[in-house]
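The chains referred to below are lettered A, B, ... by the order of the sequence lines, with proteins before strands, and numbering in each begins at 1.
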2 protein chains.
Amino acid sequence: MATIYEVSELAGVSLATVSRVLNNSDRVKETTRVKVQDAMAALDYRPNSMAQSLASKRTNSIGILVPELHGPFFGTMLSGIEAELRNAGKHAIITVGHSDREKELDGIEFLISRNVDALILHVDAVSDEYLHKLSDNGTPVVLINRRVAALADSCISLNNQQGGYLATRAVLDQGHRQVAYISGPLWKNDAAERLLGHQQALADKGLAFDSALTREGDFQETGGKEAMRQLLASGLAFTAVVCGNDEMAAAAMEVAGKSGLLIPEQLSIIGFDNINFCRYLHPKLSTIEYPIDAMGQMAARWVLRHVYKNNKLLIQNIFEPRLYHRASITPPAA
Amino acid sequence: MATIYEVSELAGVSLATVSRVLNNSDRVKETTRVKVQDAMAALDYRPNSMAQSLASKRTNSIGILVPELHGPFFGTMLSGIEAELRNAGKHAIITVGHSDREKELDGIEFLISRNVDALILHVDAVSDEYLHKLSDNGTPVVLINRRVAALADSCISLNNQQGGYLATRAVLDQGHRQVAYISGPLWKNDAAERLLGHQQALADKGLAFDSALTREGDFQETGGKEAMRQLLASGLAFTAVVCGNDEMAAAAMEVAGKSGLLIPEQLSIIGFDNINFCRYLHPKLSTIEYPIDAMGQMAARWVLRHVYKNNKLLIQNIFEPRLYHRASITPPAA
DNA sequence: TTGAAAGCGATACCAT
DNA sequence: ATGGTATCGCTTTCAA
């Protein structure tokens with residue numbers, strides 16, 4: 001493989017000049033630029049990215065940490081990130097954190113050892129202080145779906161509380177007054193905020209929040225099932241269930257159906273996230289859209305702007321959720 | 001950040017010796033090894049991966065190309081790859097090809113420009129010749145879900161034909177004799193092979209293959225819907241539909257349901273892949289399992305063995321599919 | 001506008 | 001077992 005040296009020789013210029021046309025930055029006389037480019041083409045020259053990185057202290061790589069890779073949610077987020085980065089000639093190095101503190105730390109450590117130029121993190125378990133320190137240590141950090149006050153400018157998040165509000169509001173507006181809630185793990189910010197929105201929606205209608213009608217799940221199938229079973233077993237009356245995410249909603253739907261309840265005739269259900277399979281469920285699941293692809297793209301854009309100095313890009317830190325009304329909600333039986 | 005030079009100074013040894021303990025390869029006296037390690041710890045030394053790469057011609061990174069990042073299938077595959085690679089201290093650089101020839105070439109080009117040590121490709125559109133040439137040019141290549149005869153040793157694939165056979169066999173065994181088939185795009189190998197399996201299963205039961213009962217879809221929702229509509233509109237009689245993948249099966253189920261057909265009582269359906277949402281469908285979708293996580297892991301293992309010389313690892317090139325019998329299949333009405 | 005030369009931080013070959 | 005040193009391919013002052 002040809003090196004910059006051979007190019008400079010063939011073009012009859014110095015190393016430095018070749019480097020300049022390579023980084024099409026500095027002023028280079030047009031004729032010499034052409035000479036150099038011809039030489040490059042003739043030699044089928046490709047810059048060696050490792051040498052570039054070593055000399056420039058830039059790897060053009062961005063470290064990504066997500067909780068999981070399977071499942072519909074993070075794939076969509078990565079899609080948004082990858083497209084934006086690659087379009088700019090950068091690339092993503094992806095690691096998985098499993099919502100576990102040790103593994104998240106390990107993943108971040110790994111990425112830093114790879115000399116990434118920046119980090120895009122969707123973390124659950126590490127502390128705010130740690131993130132703060134990380135950022136102070138010189139690695140630019142963008143956080144998705146997490147707000148750390150001291151790092152507000154580099155947080156890309158959904159207005160989860162508003163989402164929770166919209167979800168509960170959707171069933172209240174249909175006339176429901178006895179509304180159960182299956183939350184995500186409340187130590188996770190987003191789960192707690194969604195619950196807050198739920199409570200606020202109830203309050204706005206002058207309804208009391210009843211913790212007996214609330215169960216804490218795990219954002220996954222098993223937790224959704226268990227929570228629904230408990231609610232049914234409690235003997236309490238409710239005509240609608242608001243769920244912290246779609247997976248739990250799907251699970252709840254299944255359990256309710258098996259218990260002989262007709263959905264939505266006897267029980268309305270709404271989820272959160274609008275992941276792909278909502279449309280396939282029977283009945284189709286109402287939900288709150290989480291524009292995770294756009295948010296991933298925005299995180300990438302943040303990096304392009306703040307790390308690679310593309311100042312044309314505008315950053316939006318907070319995204320607004322939106323209701324998708326589908327068949328799983330109807331007015332309560334009279 | 002401390003360099004290898006400072007470590008050597010503090011430990012009172014040469015650069016070369018530090019490098020040796022770093023790559024804990026060569027024989028180094030135990031006492032000096034300890035001295036060096038102490039110095040490293042004292043300085044909080046981290047090797048610079050770029051410098052290592054430049055000098056060793058190894059980036060410890062593996063390029064991955066997948067058709068899509070959203071959706072349940074490739075996320076699972078990447079999960080298998082990432083876990084195996086990171087466990088070995090390597091990392092994945094992921095790009096997307098969109099099953100489009102130009103984009104696939106572009107992605108591969110991008111990865112090569114990043115000096116990846118190897119490529120793991122799930123490609124649809126590029127030619128066998130191209131892949132062959134790519135491999136000849138010195139970049140080790142592993143292919144997932146594609147068999148190129150000349151590269152047989154580096155292909156990790158599912159026995160798609162057997163899968164197609166099992167799927168059709170499953171409905172035939174229930175007594176169905178009029179079986180429709182919705183295939184994936186037949187220019188894709190896997191789609192064609194699955195169809196072959198279908199035909200073979202029919203032949204084994206002494207049934208004639210009827211191309212009028214076969215429609216070519218696109219492995220996606222829209223294609224599945226359209227194909228099902230056409231089948232219903234054709235007026236031909238059939239009591240079961242075998243689909244090339246789960247997404248089309250879900251779509252077909254929906255269309256059939258809307259047309260007033262009861263599933264499975266009036267129409268049995270089976271899919272392929274066993275992606276996550278099969279369990280959530282109503283009725284639960286029977287399908288053929290595609291062990292894509294294990295296959296991703298195996299591809300990573302191939303790289304560890306052939307590129308990084310970990311000869312302890314064993315390679316399995318062909319994976320066998322397996323039937324998941326769920327509620328969407330019953331014997332035909334009498 | 002262009003060139004010369006000093007790194008960047010490791011690896012690996014050749015000695016000793 | 002350890003050290004000396006050339007080398008990897010490029011970026012980036014500093015001069016001219």
Side chains of A/Val123 and A/Leu65 in contact at under 4.5 Å (non-hydrogen atoms):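 The answer is yes, as the side chains (C-beta and beyond) meet within the 4.5 Å cut-off.
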Residue pair A/Gln297 / A/Ile81, side-chain heavy-atom distance below 4.5 Å: no
Quick one: is [X] getting a side-chain N or O under 4.0 Å of the [N] phosphate, OP1 or OP2?
{"X": "B/Ser19", "N": "C/dA10", "value": "no"}
{"X": "B/Lys57", "N": "D/dT7", "value": "no"}
{"X": "A/Thr32", "N": "C/dT2", "value": "yes"}

Angle of first-five versus last-five pair axes in the helix from C/dT1-D/dA16 to C/dT16-D/dA1, to 10 degrees: 30°
Please report, rounded to the nearest Å, how far the [atom2] atom of [N] is from the [atom1] atom of [X].
{"X": "B/Glu9", "N": "D/dG3", "atom1": "CD", "atom2": "C1'", "value": "15 Å"}
{"X": "B/Tyr5", "N": "D/dG4", "atom1": "OH", "atom2": "C1'", "value": "12 Å"}
{"X": "B/Arg58", "N": "C/dT11", "atom1": "CZ", "atom2": "C1'", "value": "12 Å"}
{"X": "A/Asn23", "N": "D/dG9", "atom1": "CG", "atom2": "P", "value": "17 Å"}

B/Glu68 side chain vs B/His70 backbone, donor-acceptor pair below 3.5 Å: no
Whether B/Ser135 side chain and B/His132 backbone form a donor-acceptor pair below 3.5 Å: no
Side chain of B/Leu22 (C-beta onward), nearest among C/dA10, D/dC10, D/dT2: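 Selected nucleotide (nearest to the side chain): C/dA10.
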Nearest listed nucleotide, side chain of A/Lys29, among C/dT2, D/dG9, C/dT11: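 Closest nucleotide among those given: C/dT2.
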Ring pair (Phe, Tyr, Trp, His ring centres under 6.0 Å) contacts in which one or both residues fall within residues 79-131 of chain A, not counting sequence neighbours: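 Applying ring pair (Phe, Tyr, Trp, His ring centres under 6.0 Å) to every pair that reaches into residues 79-131 of chain A, excluding sequence neighbours, yields A/Phe74-A/His122.
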Show the distances under 3.5 angstrom between N or O atoms of the protein and N or O atoms of nucleotides 3-6 of chain C.
from	atom 1	to	atom 2	distance (Å)
C/dG3	OP2	A/Ser14	N	2.9
C/dG3	OP2	A/Ser14	OG	3.3
C/dG3	OP2	A/Thr17	OG1	2.7
C/dG3	N7	A/Arg20	NH1	3.4
C/dG3	O6	A/Arg20	NH2	2.5

Check ion pair B/Glu109-A/Arg46 (N to O, under 4.0 angstrom):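 Salt bridge present between B/Glu109 and A/Arg46.
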N-O pairing of B/Asp124 and B/Arg101 below 4.0 Å: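 No salt bridge links B/Asp124 with B/Arg101.
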Residue pairs, two or more places apart or on separate chains, that pass side-chain hydrogen bond (donor to acceptor under 3.5 Å, both in side chains) and touch residues 74-83 of chain B: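 Non-adjacent pairs meeting side-chain hydrogen bond (donor to acceptor under 3.5 Å, both in side chains): B/Glu82-B/Arg86.
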Salt bridge (Lys or Arg N to Asp or Glu O under 4.0 Å) between A/Asp128 and A/Arg146, worked out: CA-CA 10 Å; A/Asp128 282 9; A/Arg146 172 144 176 182; 2.6 Å; yes
Minimum heavy-atom distance B/Ala118-B/Val303, with the two atoms named: CB-CG1, 3.9 Å
Sub-4.0 Å heavy-atom contacts from residues 35-52 of chain A onto DNA chain C, ordered by number: none
Non-neighbouring partners of A/His306 that pass side-chain hydrogen bond (donor to acceptor under 3.5 Å, both in side chains), sequence neighbours left out: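 Only A/Trp302 meet the side-chain hydrogen bond (donor to acceptor under 3.5 Å, both in side chains) criterion with A/His306.
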